[in-house]
Amino acid sequence: MSLNNDLSELFKNFSRLMELKGESVFKVIAFQKVSRILNDMTFDIRQAFEKGELDSIEGIGESSRRIISEFIRTGRSTEFDEVATTVPAGLLPMLDIQGLGPKTIALFWKEKGITSVDALVKAIDDGSLKGLKGVGDKKLLGIKEALERMKNASGRLRIDEAMSIATDFVERLRKLPEVAYVEYAGSLRRSRETIGDVDLICSGKSPDDGEAIAKVFTQFPEVSKILGQGTTKASILTARGFQIDIRIVPQENFGAALLYFTGSKEHNVRLRGRAIDQGMTLNEWGLYKQTDYDKAQKKTGEAPDAKPVASKTESDVYRKLGLQFIAPEMREDRGEIDAAETDTLPTLIELSDVRGDLHCHTTASDGRHTIEQMVEAAIEMGYAFLAITDHSKSQVQAHGLSVERLLAHVKAIHDVGRKYKEITLFAGCEVDILADGRLDYEDEVLAELDFIVASPHHALTQNEAKATDRIVRAIEHKYVNVIGHPTGRRVEVRAPLPLQFDRVFKAAAAAGTALEINANADRLDLNDVNARAAAQAGVKISINTDSHDIASFPDMRYGIGVARRAWLTAGDVINCMDVKALKKFIAAKR
DNA sequence: GCCGTTTTCGGCCCGACTGTTTTCAGTCG
């Protein structure tokens with residue numbers, strides 16, 4: 001589906017060129033949206049094009065359809081090329097510089113001929129940018145510092161890293177005597193796989209506590225730079241260059257602020273539009289009747305002087321907008337508002353629905369704990385079952401098991417299983433899916449196992465047809481219960497296998513083979529969009545931590561985060577079955 | 001540029017903070 005990605009990229013760049021040209025922000029937003037739609041699509045855009053269905057995709061209108069059609073036919077867009085000749089390509093990277101926006105970039109370009117980051121640095125250093133309207137020393141210094149930070153920046157953080165930073169800050173803020181509530185919001189609360197910055201929402205016990213809380217926050221020891229500080233908000237950078245924002249609001253406005261800063265932006269825009277349709281207005285302070293709000297006194301940093309329709313909790317705001325409560329993970333403008341309006345939101349899976357982990361490793365291959373240690377940790381998690389799935393023989397670097405060692409390992413797992421009555425142990429294996437889709441052991445060896453996860457580990461740069469044939473062949477193998485990390489991708493590190501997902505899902509649904517959401521924050525594979533499409537196609541999902549030690553079992557939370565973003569219910573996920581049902585699921589294929 | 005169960009034209013979400021200004025534009029989320 002590289003075509004979808006190419007087009008998504010085209011529209012992203014198109015929107016950025018339009019920003020720099022000073023086009024209407026609504027045009028810019030429209031193309032940004034098309035870029036996002038293409039990026040999230042689980043079918044090949046070419047299919048929609050060939051069926052003449054481009055128009056029926058919401059958000060894609062006349063212009064976008066024309067551009068997409070031309071690009072599919074010729075691999076180019078003359079409209080994009082035309083715009084690209086009027087705006088230097090070197091300006092695009094400048095949009096990533098914090099504090100520097102399209103207006104200023106265009107000013108530098110038109111007044112001083114700056115068309116690259118290098119030229120910008122040079123111009124700041126030799127002082128030639130001074131004297132431009134609205135450009136002072138502080139602004140130039142700010143740009144230089146932002147550039148310096150970009151050089152060292154690590155980019156977006158993985159969700160587990162961001163979570164650890166956020167919980168640490170939340171816990172320390174909670175201990176302050178001035179603080180009544182504090183929660184993390186933003187993309188972390190929505191369980192996105194990577195996090196650009198952490199947003200904290202905080203209420204003081206008294207409305208006057210804001211300034212004091214902001215001050216304490218900006219003086220935490222790991223703060224390396226204060227980006228901004230007021231009475232209701234503050235932003236800092238940690239030593240590693242990670243940004244943390246805090247918003248401080250009165251307790252009665254906490255829900256509205258939490259809602260607003262949880263986002264996503266697209267979700268918020270839809271909510272606000274809905275408020276307007278109903279004669280109300282929604283902002284970070286609350287939901288107000290438009291007439292009350294217009295009359296109200298407004299002072300920066302204070303709630304408007306009007307009685308809100310709702311503001312204390314998120315649920316209140318949703319209810320007054322005529323909507324079911326929408327879980328943070330669903331707030332991406334992917335149909336959740338329509339579903340909430342008609343009371344048809346799914347009952348999302350929760351961490352407490354999970355009864356066991358079906359993919360983990362022990363010292364028999366590359367894990368760090370023994371079977372007993374893993375079992376006891378699983379019991380500690382409250383699990384009813386656990387599958388031990390060490391690596392198969394071709395994973396030499398991970399001490400993959402030879403046939404002899406595998407058979408001995410199976411016996412050892414069964415022996416341990418008899419000792420622990422409170423949990424059911426499955427003697428399993430994570431079997432390699434070879435490049436052509438064959439498995440790493442003969443069928444008579446696989447027949448000795450209770451449970452099989454089959455995973456791709458190498459040959460991860462195959463083309464679409466080869467990769468899809470490979471995975472489908474493994475799906476259809478009668479002993480395979482779960483395809484582990486089906487695309488092999490690693491978050492921000494390695495691209496996924498380019499699978500034809502419609503074929504994969506159809507095969508998995510027909511064969512009764514589950515697809516994994518690997519809960520390791522480095523993998524999160526399947527991702528949210530694909531997991532949702534899989535479940536819609538009737539595929540069962542398995543969420544597993546792939547633990548190599550006992551400390552990794554709690555990573556299940558990140559897999560649950562992906563599942564909730566994928567709108568999954570407990571009924572979609574085999575880890576939520578009781579032991580009897582799970583055994584039936586396994587037996588059904590053999 | 002996109003959209004429409006009042007609309008095919010005229011809307012489209014809103015506030016805080018900074019830096020540059022003497023009332024506001026730009027940027028950010």
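In what follows, chains are A, B, ... by sequence order, proteins preceding strands, each numbered from 1.
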With 3.5 Å as the limit, what N/O pairs link the protein to nucleotides 25-27 of chain B?
from: dG26(B); atom 1: O3'; to: Thr104(A); atom 2: OG1; distance (Å): 3.2
from: dT27(B); atom 1: OP1; to: Gly101(A); atom 2: N; distance (Å): 2.5
from: dT27(B); atom 1: OP1; to: Gly101(A); atom 2: O; distance (Å): 2.9
from: dT27(B); atom 1: OP1; to: Thr104(A); atom 2: N; distance (Å): 3.2
from: dT27(B); atom 1: OP1; to: Thr104(A); atom 2: OG1; distance (Å): 2.6
from: dT27(B); atom 1: OP2; to: Lys103(A); atom 2: N; distance (Å): 3.2
from: dT27(B); atom 1: O5'; to: Gly101(A); atom 2: N; distance (Å): 3.4

Close N/O contacts between protein and nucleotides 3-10 of chain B (under 3.5 Å):
from: dC3(B); atom 1: OP1; to: Gly59(A); atom 2: N; distance (Å): 2.5

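Rounded to whole Å, the distance from NZ on Lys265(A) to C1' on dC12(B) is 14 Å. Spacing between atom CZ of Arg270(A) and atom C1' of dC2(B) amounts to 13 Å, rounded to whole angstrom units. Straight-line distance from the CG atom of Leu107(A) to the P atom of dT20(B): 13 Å, rounded to whole Å. Going from atom NE2 of His267(A) over to atom C1' of dC13(B) covers 13 Å, rounded to whole Å. Following rounding to the nearest Å, Glu19(A) (CD) and dG1(B) (P) show an atom-to-atom distance of 15 Å. Taking atom CG of residue Leu17(A) and atom P of nucleotide dG1(B), one finds them 14 Å apart after rounding to whole Å. For Lys225(A) and dC17(B), the NZ to C1' distance is 14 Å, given to the nearest whole Å. Rounded to whole Å, atom P of dC28(B) lies 10 Å from atom CD1 of Ile143(A).
Side-chain contact of Asp294(A) with Gln290(A): a donor-acceptor pair under 3.5 Å is present, judged by distance alone. No side-chain N or O of Gln98(A) forms a donor-acceptor pair with one of Glu145(A) less than 3.5 Å apart. Using modelled atom types and a 3.5 Å distance limit, the side chains of Thr313(A) and Ser315(A) yield no donor-acceptor pair.
Taking 4.0 Å as the cut-off between side-chain N and carboxylate O, Arg274(A) and Asp277(A) do not count as a salt-bridged pair. Taking the charged nitrogens against the carboxylate oxygens, Asp333(A) and Arg270(A) do have a contact shorter than 4.0 Å, which makes a salt bridge. Using a 4.0 Å cut-off between charged nitrogen and carboxylate oxygen, Glu332(A) and Arg192(A) do not count as a salt-bridge pair. Taking 4.0 Å as the cut-off between side-chain N and carboxylate O, Lys144(A) and Asp125(A) count as a salt-bridged pair.
Taking every heavy atom of residues 120-130 of chain A and every atom of DNA chain B, no pair lies under 4.0 Å.
Rounded to the nearest Å, the gap between the C1' atom of dT5(B) and that of dG1(B) is 24 Å. For the C1' atom pair drawn from dT22(B) and dC13(B), the interatomic distance equals 29 Å after rounding to whole Å. Here the separation of dC2(B) from dT7(B), taken at their C1' atoms, is 14 Å to the nearest Å. Comparing the C1' positions of dT8(B) and dC17(B) gives a spacing of 40 Å, expressed to the nearest Å. Taking atom C1' on both nucleotides, dT20(B) is separated from dT27(B) by 13 Å, rounded to a whole Å. Nucleotides dT23(B) and dG19(B), compared at atom C1', are 14 Å apart to the nearest Å. Using P as the reference atom, dA16(B) and dG11(B) are 26 Å apart when rounded to the nearest Å.
Of the residues near DNA chain B, Leu132(A) and Trp285(A), the one whose nearest nucleotide (by heavy atom distance) lies more toward the 5' end is Trp285(A). Judged by closest nucleotide on DNA chain B, Ser24(A) is the one of Thr281(A) and Ser24(A) placed further toward the 5' end.
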Please assess Val223(A) against Thr238(A) for the test side-chain contact (heavy atoms from CB on, under 4.5 Å), listing each intermediate value before the final yes or no.
-> CA-CA 5 Å; Val223(A) 173; Thr238(A) 67; over 6 Å; no
Working for side-chain hydrogen bond (donor to acceptor under 3.5 Å, both in side chains), residues Glu492(A) and Thr194(A) = CA-CA 8 Å; Glu492(A) 306 263 285; Thr194(A) 61; 4.6 Å; no
Would you please test Arg189(A) and Thr262(A) for side-chain hydrogen bond (donor to acceptor under 3.5 Å, both in side chains) and show each step?
-> CA-CA 7 Å; Arg189(A) 184 160 177 251; Thr262(A) 295; 2.8 Å; yes
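No contact: Glu23(A) has no heavy atom under 4.0 Å from any strand. Phe26(A) comes within 4.0 angstrom of a base, heavy atoms only. Contacts of Thr262(A) with the nucleic acid, taken as non-hydrogen atoms under 4.0 Å apart, are absent. Nucleic acid contact for Leu271(A): none, since no nucleic acid atom lies under 4.0 Å from a heavy atom of the residue. Using a 4.0 Å heavy-atom criterion, one finds that Asp197(A) contacts the sugar-phosphate atoms exclusively.
What you find for Phe261(A) and Ala185(A) is that their closest heavy atoms are O-CB, 3.6 Å.
In the set dG29(B), dC2(B), dA16(B), dC2(B) carries the atom at the smallest distance from any side-chain atom of Ser64(A). Nearest to the side chain of Lys138(A), among dT20(B), dG29(B), dC13(B), sits dT20(B). Which of dG29(B), dC17(B), dG1(B) sits closest to the side chain of Asp199(A) comes down to dG29(B).
Within 6.0 Å of NZ on Lys265(A) lie no more than 12 heavy atoms contributed by other residues, nucleotides or ligands. Within a 6.0 Å radius of CD in Gln47(A), more than 12 heavy atoms belonging to other residues, nucleotides or ligands are found.
Seen from the ring of Phe220(A), Arg172(A) counts as a face-on cation partner, given the 6.0 Å and 45° thresholds.
With both pairing distances under 3.5 Å, dT8(B) is matched to nothing as a Watson-Crick or G-U wobble pair.
Between Ser63(A) and dG1(B) there is a side-chain polar atom (N or O) within less than 4.0 angstrom of OP1 or OP2.
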